[in-house]
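These notes are about the structure you will find just below.
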2 protein chains.
Amino acid sequence: MNEKHQIFYETSLKLVYKKGFKATTMRDLAEEMGCDVSNIYNYIDSKQSLLEEILFNINDLFQEGIDLIRCSDYGPIDQLKQVVRLYVNLSIERPLELSLLTNEWRNLKGEKLELFISEREKFEHKVKSIIREGMRKKVLIEMDLKLATFLFLSALRLLFDKYALTENPFNKIELERQINRYIFQGFTNNSK
Amino acid sequence: MNEKHQIFYETSLKLVYKKGFKATTMRDLAEEMGCDVSNIYNYIDSKQSLLEEILFNINDLFQEGIDLIRCSDYGPIDQLKQVVRLYVNLSIERPLELSLLTNEWRNLKGEKLELFISEREKFEHKVKSIIREGMRKKVLIEMDLKLATFLFLSALRLLFDKYALTENPFNKIELERQINRYIFQGFTNNSK
DNA sequence: TAATTACATAAACAAATGTTGATGTATTAT
DNA sequence: ATAATACATCAACATTTGTTTATGTAATTA
């Protein structure tokens with residue numbers, strides 16, 4: 001991969017995060033790069049391909065992550081905790097890509113859009129199968145599987161927004177601990 | 001408010017939800033309305049004002065809801081359960097507006113954007129104050145207040161997406177019950 | 001009856017948009 | 001030395017965009 005391509009990738013990441021994909025023009029990107037508009041087309045094929053590259057890159061990281069977790073020997077709860085860790089790690093390491101993953105995928109077009117949706121469903125299905133196993137083994141409460149998966153992922157999906165892109169008061173370990181505490185024990189204080 | 005204005009409001013709601021605000025052109029809206037482009041300007045001032053109207057409308061409903069809850073006599077946990085109910089109700093009654101509230105606010109401009117952000121912070125601050133009170137009274141577990149507020153709201157924010165805009169298997173009561181179970185007790189099965 | 005209001009159409013515009021073509025230079029690989 | 005590669009510039013393009021102006025009709029209100 002070219003050097004300039006990489007620089008462009010990171011620059012456009014920041015700008016698209018800040019302004020949104022649709023609102024980011026090629027001329028905006030050119031200005032940010034300090035080059036001519038047409039110059040950009042030496043690095044990428046089109047504006048669409050830029051979005052595709054970003055989105056499928058970060059998607060790959062999630063897919064690899066979840067696959068590794070699923071073929072491990074951990075039980076369902078520990079596997080879910082690994083998923084939490086996956087999100088925490090990526091939220092801290094790749095907050096911008098993560099933001100675009102949740103906010104800008106709808107700007108994909110045609111078969112790329114279809115592909116993305118199927119990838120996302122694939123991921124959610126994998127998480128769902130862990131939760132299903134947890135319910136089967138009675139280590140998780142019985143509830144609607146779809147809702148459970150949704151609630152679990154909801155707690156993680158916007159993490160980047162609140163805790164990687166703003167000043168956060170705690171380290172990764174403590175963040176992870178408190179999220180796990182919430183997901184598995186809930187808010188209620190049962191100690192007294 | 002004019003009759004046509006109302007029709008236009010609902011039509012554009014659907015289209016903006018489907019395509020996104022930036023991607024929805026005035027010509028798209030005109031076609032959907034079965035009228036000329038310029039005709040639209042008999043109903044609204046500008047494309048921006050359309051977005052502003054939608055967003056601040058639904059925002060008002062949330063603000064009124066949370067204010068009502070906060071001046072009630074309920075304890076912190078019951079107040080939070082009322083907030084859950086508020087989200088469930090609005091997710092079912094106004095799923096489109098809710099979707100735009102979370103997905104399209106960044107397309108606001110200038111002082112309207114600033115106003116919106118301050119309104120959202122106001123709302124989150126109100127929720128946070130309920131949670132703070134819950135922690136003070138020891139009915140909620142002690143954890144980072146900001147994170148707790150974030151986790152609580154995350155469970156609710158995208159409800160419309162999964163449970164109002166898709167076929168859902170249960171009624172409002174059961175949906176609410178399961179969400180509350182998760183938020184306050186967590187996923188872990190402690191019964192055995 | 002007169003005036004205001006709601007709604008419609010057609011034509012046009014100025015700005016912004018993604019993209020291309022022609023051309024050139026400097027560096028690297030063969 | 002030659003060819004390929006990476007990178008740059010300038011001008012231009014065809015569309016698409018939100019919006020306006022001018023004009024007209026039908027219904028409601030004063």
Side-chain angles (χ1 to χ4, degrees), chain A residues 1-57 100 103-113 116, chain B residues 1-57 100 103-113 116:
Chain A
M1 184 158 296
N2 311 338
E3 184 197 4
K4 277 277 179 173
H5 180 101
Q6 192 60 33
I7 297 176
F8 175 75
Y9 182 87
E10 280 151 27
T11 306
S12 54
L13 207 51
K14 285 181 203 160
L15 206 57
V16 171
Y17 165 77
K18 189 173 153 197
K19 306 189 67 171
F21 177 73
K22 270 269 175 190
T24 304
T25 73
M26 300 303 270
R27 282 159 182 85
D28 289 336
L29 290 172
E31 191 177 8
E32 199 76 10
M33 285 287 291
C35 72
D36 199 278
V37 200
S38 58
N39 209 337
I40 293 177
Y41 289 87
N42 288 323
Y43 319 136
I44 58 165
D45 289 339
S46 66
K47 197 190 177 191
Q48 282 297 318
S49 74
L50 167 65
L51 184 63
E52 291 159 10
E53 186 186 353
I54 295 174
L55 261 37
F56 286 103
N57 267 356
L100 302 201
N103 292 320
E104 304 289 358
W105 61 268
R106 51 136 107 241
N107 288 306
L108 290 170
K109 285 180 182 171
E111 57 178 12
K112 294 291 184 180
L113 177 58
F116 180 87
Chain B
M1 186 157 298
N2 310 338
E3 184 196 3
K4 277 278 180 174
H5 180 102
Q6 192 60 34
I7 296 177
F8 175 76
Y9 182 86
E10 281 152 25
T11 305
S12 54
L13 207 49
K14 287 181 203 160
L15 206 57
V16 171
Y17 166 76
K18 190 172 152 196
K19 307 188 65 168
F21 177 72
K22 269 272 177 188
T24 303
T25 71
M26 300 304 270
R27 283 158 181 87
D28 289 335
L29 290 172
E31 191 177 10
E32 199 76 10
M33 285 287 289
C35 72
D36 199 279
V37 200
S38 57
N39 209 338
I40 293 176
Y41 289 87
N42 288 324
Y43 320 137
I44 58 164
D45 288 339
S46 66
K47 196 189 175 191
Q48 281 298 317
S49 74
L50 167 64
L51 184 64
E52 292 160 8
E53 187 187 352
I54 294 174
L55 261 36
F56 286 102
N57 266 355
L100 302 201
N103 292 318
E104 304 288 358
W105 62 266
R106 52 138 107 239
N107 288 306
L108 290 170
K109 286 179 182 171
E111 58 179 12
K112 294 290 182 180
L113 177 59
F116 181 87

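Chain letters run A, B, ... following the sequence lines, proteins first, then strands; residues in each count from 1.
Heavy-atom distances under 4.0 Å link DNA chain C to T24(A), T25(A) of residues 10-25 of chain A, given in residue order.
Considering only heavy atoms from C-beta on, L50(B) stays 4.5 Å or farther from I40(B) through its side chain. Residues Y9(B) and I54(B) are in side-chain contact: their nearest non-hydrogen atoms beyond the backbone lie under 4.5 Å apart.
Atoms CE and CG, from M33(A) and N39(A) in turn, are 7.5 Å apart once rounded to the nearest 0.5 Å.
The separation between I7(A) atom CD1 and dA6(D) atom P is 14 Å, rounded to whole Å. Atom pair Y43(B):OH and dT19(D):P shows a separation of 16 Å (rounding to whole Å applied). In this structure, D45(B) places its CG atom 9 Å from P of dT20(D), rounding to the nearest Å. One can place CG of L29(B) at 11 Å from P of dT19(D), the figure rounded to the nearest angstrom. Summarising the geometry, the separation between OH on Y41(A) and P on dA8(D) is reported as 16 Å, rounded to the nearest angstrom. For M33(A) and dC7(D), the CE to P distance is 9 Å, given to the nearest whole Å. In this entry the distance linking CG of N107(B) with P of dG18(D) reads 12 Å, nearest Å.
Judged as a ring-ring contact (aromatic ring centres under 6.0 Å, His included), the pairs with a partner in residues 22-44 of chain A (not counting sequence neighbours) are, in order, F8(A)-Y43(A). Sorted by first and then second residue, the side chain to side chain donor-acceptor pair (under 3.5 Å) pairs with a member in residues 11-22 of chain A read K19(A)-D28(A); sequence neighbours excluded. The list of salt bridge (charged side-chain N to carboxylate O under 4.0 Å, His left out) pairs with a residue in residues 33-50 of chain A, not counting sequence neighbours, is empty.
Shown here are the salt bridge (charged side-chain N to carboxylate O under 4.0 Å, His left out) partners of R106(A), two or more places apart in sequence or in another chain: E104(B). Residues satisfying the side-chain hydrogen bond (donor to acceptor under 3.5 Å, both in side chains) test with E10(A), not counting sequence neighbours, are Q6(A). Partners of F116(A) by ring pair (Phe, Tyr, Trp, His ring centres under 6.0 Å), not counting sequence neighbours, listed by chain and number: W105(A). When the side-chain hydrogen bond (donor to acceptor under 3.5 Å, both in side chains) test is applied to E31(A), no partner is found at least two apart in sequence or on another chain.
An OP1 or OP2 oxygen of dG18(D) is reached within less than 4.0 angstrom by a side-chain nitrogen or oxygen of K47(B).
Contact footprint of chain A on DNA chain C: nucleotides with an atom under 4.0 Å from a non-hydrogen protein atom, first to last in 5' to 3' order, dT17(C) to dG21(C).
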Atom pairs under 3.5 Å: protein N/O with N/O of nucleotides 10-15 of chain D:
from	atom 1	to	atom 2	distance (Å)
dC10(D)	N4	S38(A)	OG	2.5

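Contact between T24(A) and V16(A) at its shortest, heavy atoms only, is OG1-CA, 3.6 Å.
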